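What follows is a set of notes on a single structure, which appears directly below.
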There are 2 protein chains.
Amino acid sequence: MTDQRLSDCLHCSMRSESIFAGLLPAELENLGMEVQDIALPAGERLYREGEPARYAYTLRSGAVKLYKTLSNGQEVILRLLHHGDLLGFEGISEKQHRNDAITLAPSQLCRLDLENLQALSQRLPTVQAAILQRWQDALRESEERIVELGAKRAEARLATFLLQWAQRYPHLRSVPFPLTRQDLGAFLGLSTEHVSRIMAEWKRQSFLHESRGHLEILQEPNLRRIAQELPGEKADKKNQD
Amino acid sequence: MTDQRLSDCLHCSMRSESIFAGLLPAELENLGMEVQDIALPAGERLYREGEPARYAYTLRSGAVKLYKTLSNGQEVILRLLHHGDLLGFEGISEKQHRNDAITLAPSQLCRLDLENLQALSQRLPTVQAAILQRWQDALRESEERIVELGAKRAEARLATFLLQWAQRYPHLRSVPFPLTRQDLGAFLGLSTEHVSRIMAEWKRQSFLHESRGHLEILQEPNLRRIAQELPGEKADKKNQD
DNA sequence: CGCCAGATTGAGGAATATCAAACAGAGTGG
DNA sequence: CCACTCTGTTTGATATTCCTCAATCTGGCG
């Protein structure tokens, strides 16, 4: 079920975008670190909140959700990860993972030993700088989320999210979309039903199309308009088609 | 109005908590960087969103809000900073500031030149590690905010916030509280009026007391209980006093 | 005292949640 | 191929939370 082998970083297709970008081939061969290449089906857990952090990961393909489960059982999704994103790096400075990580789709990852990684980042400033950069990106994204959650209404949040999701697959008309309505709600701070209502309405209006885990945005301008809407700015003119 | 002089990092009262902690005195004297010591009244702007980033700051005393202003004029506060917090460090890797920064109270800050800081952090791994750590803290805080905004109701958000604010002044019964109802709303994703209603109610119930820019939490257990409440967990028993 | 920004209060309405029921579609076993 | 089941989606009705707008109140201050 879990395919696992040693990774060949030197010839990795993602090398130029990874935290090891910028290293010389000689340095790469001398990482002093085992990098496991892992393939997982959908729904597999990478780690759990509170668990001792042993590994960090680079997501090479597929999708992963990072989330917390509250005392009433409600899930809150903190981040949704795509091709190229990192996870588990909080383990560099904290002993335990801060959240749960589960694959949403069949995924390929590189698994890095955190102790090795920490030693490595002390030795190679390039690597540390790369990690710092990723962290800043994550913080910027989180702050954008705060703006969405704090200031926008349900439709605007959902529209923003769908557009950003689709943007991660620039070359595809119809993009992979393994999220349930419940996932969407957990990410956007909305109830499952409310998400469903909005999605259903947009499908009726042909703003978008869904089929077998794929999503196609048919009327991007309309979604963009909705994504911008702020409280007190009701769009009087609906689409007329 | 703006008192400004060269800072003496070696004898700074915050040295042990700053990003320069762990440096030897000799290294400190050789920072190769001018550190300005700045004192500002309340309501002073440190920088504006989109402005070229020249400086980063360490807040030595007082309070600062980082916020964005949306197209409808609405403010969203991203972070509220206290004694010991950093700001403007996004300028290390981005050319422009991502948000506005304004003092909420009379504040003392250290101003660091970003170009020098960048060079410095390449040279001194200790400094870079310290910055990395602050970044991770900021990300953790942002993720906690996302949980608050995404999953909790107004009262729980406000209670959580007040408790955390008060915790920043562990030795004081009555803590400085320079926030307006509007600030609270902008931070918590609520309307000014809704915040006001809840605060007024809590004052009536003697959960807390407000006076001349200061706040005292009188019944911490009740606030803690409210802070934990999640949708679907109505507390039937109110306080009886 | 008069003024003014911020705080409070009230009434009504919009946005969203909750609860319950019906629906759809992808396996699965006969 | 069909009935069956299971899970996720959609829909409806109702309740709650929160916002908006407008008015009033309060405390500090010239």
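To find a chain, count down the sequence lines: A is the first, B the second, and so on, and within it residues start at 1. Keep in mind it's a predicted model, so treat the numbers as computed, not measured.
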Looking only at the aromatic ring of each residue, does the gap between the centers of [Y] and [X] stay below 6.0 angstrom?
X        : Y         : value
His83(B) : Tyr169(B) : no
Phe89(B) : Trp135(B) : no
Tyr47(A) : His97(A)  : yes

Whole angstrom value for the distance that separates [atom2] of [N] from [atom1] of [X]:
X         : N       : atom1 : atom2 : result
Arg153(B) : dT18(C) : CZ    : C1'   : 13 Å
Arg197(A) : dT14(D) : CZ    : C1'   : 11 Å
Glu201(A) : dT10(D) : CD    : P     : 12 Å
His209(B) : dG27(D) : NE2   : P     : 11 Å
Arg204(A) : dT11(D) : CZ    : C1'   : 9 Å
Leu208(B) : dA7(C)  : CG    : P     : 14 Å
Phe177(A) : dT9(D)  : CZ    : C1'   : 13 Å
Glu210(B) : dG28(D) : CD    : P     : 12 Å

### Query
In Å and rounded to the nearest 0.5 Å, what is the CG to CG distance from Leu184(B) to Leu162(B)?
7.0 Å

### Summary
Looking only at dC19(D), dA7(C), dA26(C), the nucleotide nearest the Lys203(B) side chain is dA7(C)

### Message
What contact category does Arg212(B) fall into here, base, sugar-phosphate, or nothing, at under 4.0 angstrom with non-hydrogen atoms?
### Response
sugar-phosphate

Strictly below 4.0 Å, N to O, side chains only: are [X] and [Y] in salt-bridge contact?
X         : Y         : answer
Lys68(B)  : Glu75(B)  : no
Asp137(A) : Arg140(A) : yes
Glu201(A) : Arg204(A) : yes
Glu210(A) : Arg181(A) : yes

### Message
What residues from residues 156-164 of chain B pass a heavy-atom cutoff of under 4.0 Å to DNA chain D?
### Response
none

### Query
Taking for each residue the nucleotide of DNA chain C bearing the nearest heavy atom, is the 5' side occupied by Ile198(A) or by Val195(B)?
Val195(B)

### Message
Which residue is it: His82(B), Gln108(B), Met14(B)? I am looking for the one with a side-chain contact (heavy atoms from CB on, under 4.5 Å) to Ser61(B).
### Response
Gln108(B)

#### Entry: Contact list for DNA chain C against residues 178-194 of chain A - heavy-atom distance below 4.0 Å
Gly189(A), Leu190(A), Ser191(A), Glu193(A), His194(A)

### Task
For dT10(D), take OP1 and OP2 only and decide whether either is under 4.0 Å from a side-chain N or O of Ser196(A).
yes

